[in-house]
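A short write-up of the structure that comes next.
Heads up: numbering here begins at 1 and tracks the sequence. We use all heavy atoms of the structure for the numbers below, so side chains are in, but hydrogens, waters and symmetry mates are not.
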Amino acid sequence: MQEYVVEAGRPLRGGGCDATVDGRPALVRHALPGERVRAVVVHEPAEGRVHLDAVEVLSASPDRVEPPCPYARPGRCGGCDWQHAALHAQRALKAEAVSRLLGRDVTVEAVPVPGRADDGLRWRTRVQFDVTGDGRLGLHKHRSAELQPLDGCLIASEGVESVGAEERQWPVAERVEVVGGSSGDRAVVVTPRKAKARVGADVAGDVSVLRGDGRGGAEAVRGRPGVREHAVGRTWWVSGSGFWQSHVAAPDTLAAAVLGFLQPEASDLALDLYAGVGLFAGALAPRVARVVAVESSAPAVADARQNLRDLRNVEAHAGRVDAVLARLGLGRADLVVLDPPRDGAGAAVMRQLEALAPRRIAYVSCDPASLARDLRALEAYALTDVRAFDLFPMTWHVECVALLEPR
């Protein structure tokens, strides 16, 4: 295994630091900026960055701490990127990365788990495990198809860990998602290796068991076909393994940020794009005249219609955002909130929004790189404010809410 002694530079998208080996750019994990480390090559593509793991720290940063999880080590679990950094340092690294991409100073705000100290642990209410050949649950090693079997996960919420899924064998499963809803509902979604494999229910009696189809759909084997969530003063239904923010405090935190940026008025027409099960539409509806929600996932739209059925001024449309906007022919909108997937909305959708001439746009993004790319597609709008939230502690990910207003 090839080794190098390198000095770690600035933080990079992907959970490591900039470095150079033999004149090539590299990303070194398990290091902190300014540290001198001995590192081994774990992935060397023909082009692009060489990936390294720091296996020995020769000169340590004052921000270095002992990772709380035994699996957060070189060559082991790839799920957490910054467990070896103090929380304040993690947030500073994320702020630096966001600021560099967006071209303005950003502070990453802590979002502690309610009822817990701000320790960066036990925040994740949805964990998707893969299954080893001998039926154990695990997570992938960094840039590897190899799995790290786990006895437990320190960033998983108490609701997830109370299921005890990592302690059990899953001989027929290809993937197992464990959900611990904010309502107290718990569910296990098992995607079997073979289409006709029987999915068992070897978990506590009050845990729902669902059979997944590998494409986001699921049917109940035992118990509820999904979970209930609580946010913005409402109860939400999320079917199967449908999308819901993974940090327990994220829905309320993001909804408050969106409403604060948009400043809705009673006569407004608001768009909720990439609406999921309707969180932002539900937060906006009591404050505006009409909300049009658009989501490509048909199961999520069905959930949104059920979740928002008491709000007569909300309509939910299924389909791609660009296609639905073209079909609706709205002509104008006063406010827009969009929460696209990690790849962003894309230039075509951003130009459609520009043509609608909204008074304000709130863009919720889990990847500042795709956010920056989408902002470059707008000519008539400027980034006037942005808030960043540490909704993924111990990882390189960060959630941003950007305010866009006419120039």
Side-chain angles (χ1 to χ4, degrees), residues 5-20 25-39 42 49 51-113 116-124 139 142 153-156 246-250 253 365-369 371-372 386-401:
V5 173
V6 300
E7 183 168 327
R10 68 184 187 180
L12 292 176
R13 181 178 184 270
C17 294
D18 189 22
T20 303
L27 179 148
V28 55
R29 284 172 54 86
H30 306 286
L32 293 175
E35 289 186 333
R36 189 166 172 267
V37 299
R38 183 170 63 85
V42 295
R49 290 186 181 273
H51 285 248
L52 309 170
D53 268 355
V55 295
E56 182 183 2
V57 179
L58 305 176
S59 176
S61 164
D63 294 323
R64 176 170 285 275
V65 298
E66 183 68 16
C69 175
Y71 303 111
R73 301 290 193 280
R76 305 199 77 180
C77 179
C80 289
D81 310 294
W82 295 119
Q83 282 205 18
H84 55 287
L87 273 174
H88 71 86
Q90 293 182 32
R91 289 165 187 152
L93 293 172
K94 295 178 186 186
E96 179 182 339
V98 175
S99 297
R100 189 168 63 245
L101 286 163
L102 298 185
R104 59 185 299 150
D105 289 338
V106 175
T107 299
V108 174
E109 304 173 33
V111 185
V113 176
R116 287 185 60 86
D118 182 18
D119 59 4
L121 305 176
R122 299 299 181 213
W123 54 268
R124 193 174 187 91
L139 296 174
H142 180 63
C153 178
L154 284 181
I155 64 172
S246 57
H247 191 293
V248 64
T253 299
S365 170
C366 59
D367 187 345
L371 170 62
V386 61
R387 295 179 67 184
F389 301 97
D390 192 18
L391 295 179
F392 309 93
M394 305 296 177
T395 79
W396 69 271
H397 299 286
V398 61
E399 194 87 8
C400 295
V401 183

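In plain terms, the two heavy atoms of Ala369 and Leu101 that are nearest each other are N-CD1, 3.7 Å. Here the shortest heavy-atom pairing between Ala54 and Pro74 reads O-CG, 3.1 Å. Shown here for Val113 and Leu121, the closest heavy-atom pair between the two residues is CG2-O, 3.8 Å. Minimum interatomic distance between Cys400 and Ala388 (heavy atoms only, all atoms of both residues): SG-CB, 4.1 Å. In terms of heavy atoms, Ala39 sits closest to Leu52 at CB-CB, 3.9 Å. For the residue pair Leu12 and Ala26, the shortest heavy atom distance occurs at CD1-O, 4.1 Å.
If you take CD1 on Ile155 and SG on Cys80, they are separated by 4.0 Å, rounding to the nearest 0.5 Å. To the nearest 0.5 Å, the span separating CG on Leu139 from SG on Cys77 amounts to 4.5 Å. Separation of atoms OG (Ser246) and CG (Leu391) is listed at 8.0 Å; rounding is to 0.5 Å.
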task: List the steps and the verdict of side-chain contact (heavy atoms from CB on, under 4.5 Å) for Val28 and Asp53.
output: CA-CA 6 Å; Val28 55; Asp53 268 355; over 6 Å; no

task: Take Leu102 and Leu371, measure what side-chain contact (heavy atoms from CB on, under 4.5 Å) needs, and give me the verdict at the end.
output: CA-CA 8 Å; Leu102 298 185; Leu371 170 62; 4.0 Å; yes

message: Does Val6 form a side-chain contact (heavy atoms from CB on, under 4.5 Å) with Arg38? I'd like the steps, not just the answer.
response: CA-CA 6 Å; Val6 300; Arg38 183 170 63 85; over 6 Å; no

- request: Just do the side-chain contact (heavy atoms from CB on, under 4.5 Å) check on Arg122 and Leu154 with the steps written out, would you?
  value: CA-CA 6 Å; Arg122 299 299 181 213; Leu154 284 181; 3.7 Å; yes

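Evaluation of the salt bridge (charged side-chain N to carboxylate O under 4.0 Å, His left out) rule for Arg76 yields no partner, not counting sequence neighbours. Under the salt bridge (charged side-chain N to carboxylate O under 4.0 Å, His left out) criterion, Arg29 pairs with Asp81, sequence neighbours left out. Partners of Arg10 according to the salt bridge (charged side-chain N to carboxylate O under 4.0 Å, His left out) rule, which considers only residues two or more places apart in sequence or in another chain, do not exist here. In this structure Asp390 satisfies the salt bridge (charged side-chain N to carboxylate O under 4.0 Å, His left out) test together with Arg91, Lys94, sequence neighbours excluded.
Pro25 has its side chain out of reach of Thr20: every pair of non-hydrogen atoms, C-beta onward, lies at least 4.5 Å apart. For the pair Val5 and Leu58, the minimum side-chain heavy-atom distance is below 4.5 Å.
Under a 3.5 Å cut-off, the side chain of His84 and the backbone N or O of Ala31 do form a donor-acceptor pair. Panel note: side chain Gln83, backbone Cys69; a donor-acceptor pair is recorded below 3.5 Å. Counting only distance, with no hydrogens or angles, the side chain of Glu7 and the backbone of Arg36 share no donor-acceptor pair below 3.5 Å. With hydrogens and angles disregarded, a donor-acceptor distance shorter than 3.5 Å links the side chain of Gln90 to the backbone of Trp82.
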Report all side-chain donor-acceptor pairs from residues 392-399 shorter than 3.5 Å, counting only partners two or more places apart or in another chain.
unit_1: Thr395; atom_1: OG1; unit_2: Phe392; atom_2: O; d: 2.8
unit_1: Thr395; atom_1: OG1; unit_2: His397; atom_2: N; d: 3.1
unit_1: His397; atom_1: ND1; unit_2: Arg342; atom_2: NH1; d: 3.2

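Within the structure, side chain to side chain donor-acceptor pair (under 3.5 Å) contacts touching residues 57-73 (residues at least two apart or in different chains) are Glu35-Arg64, Glu66-Arg73, Tyr71-Asp151.
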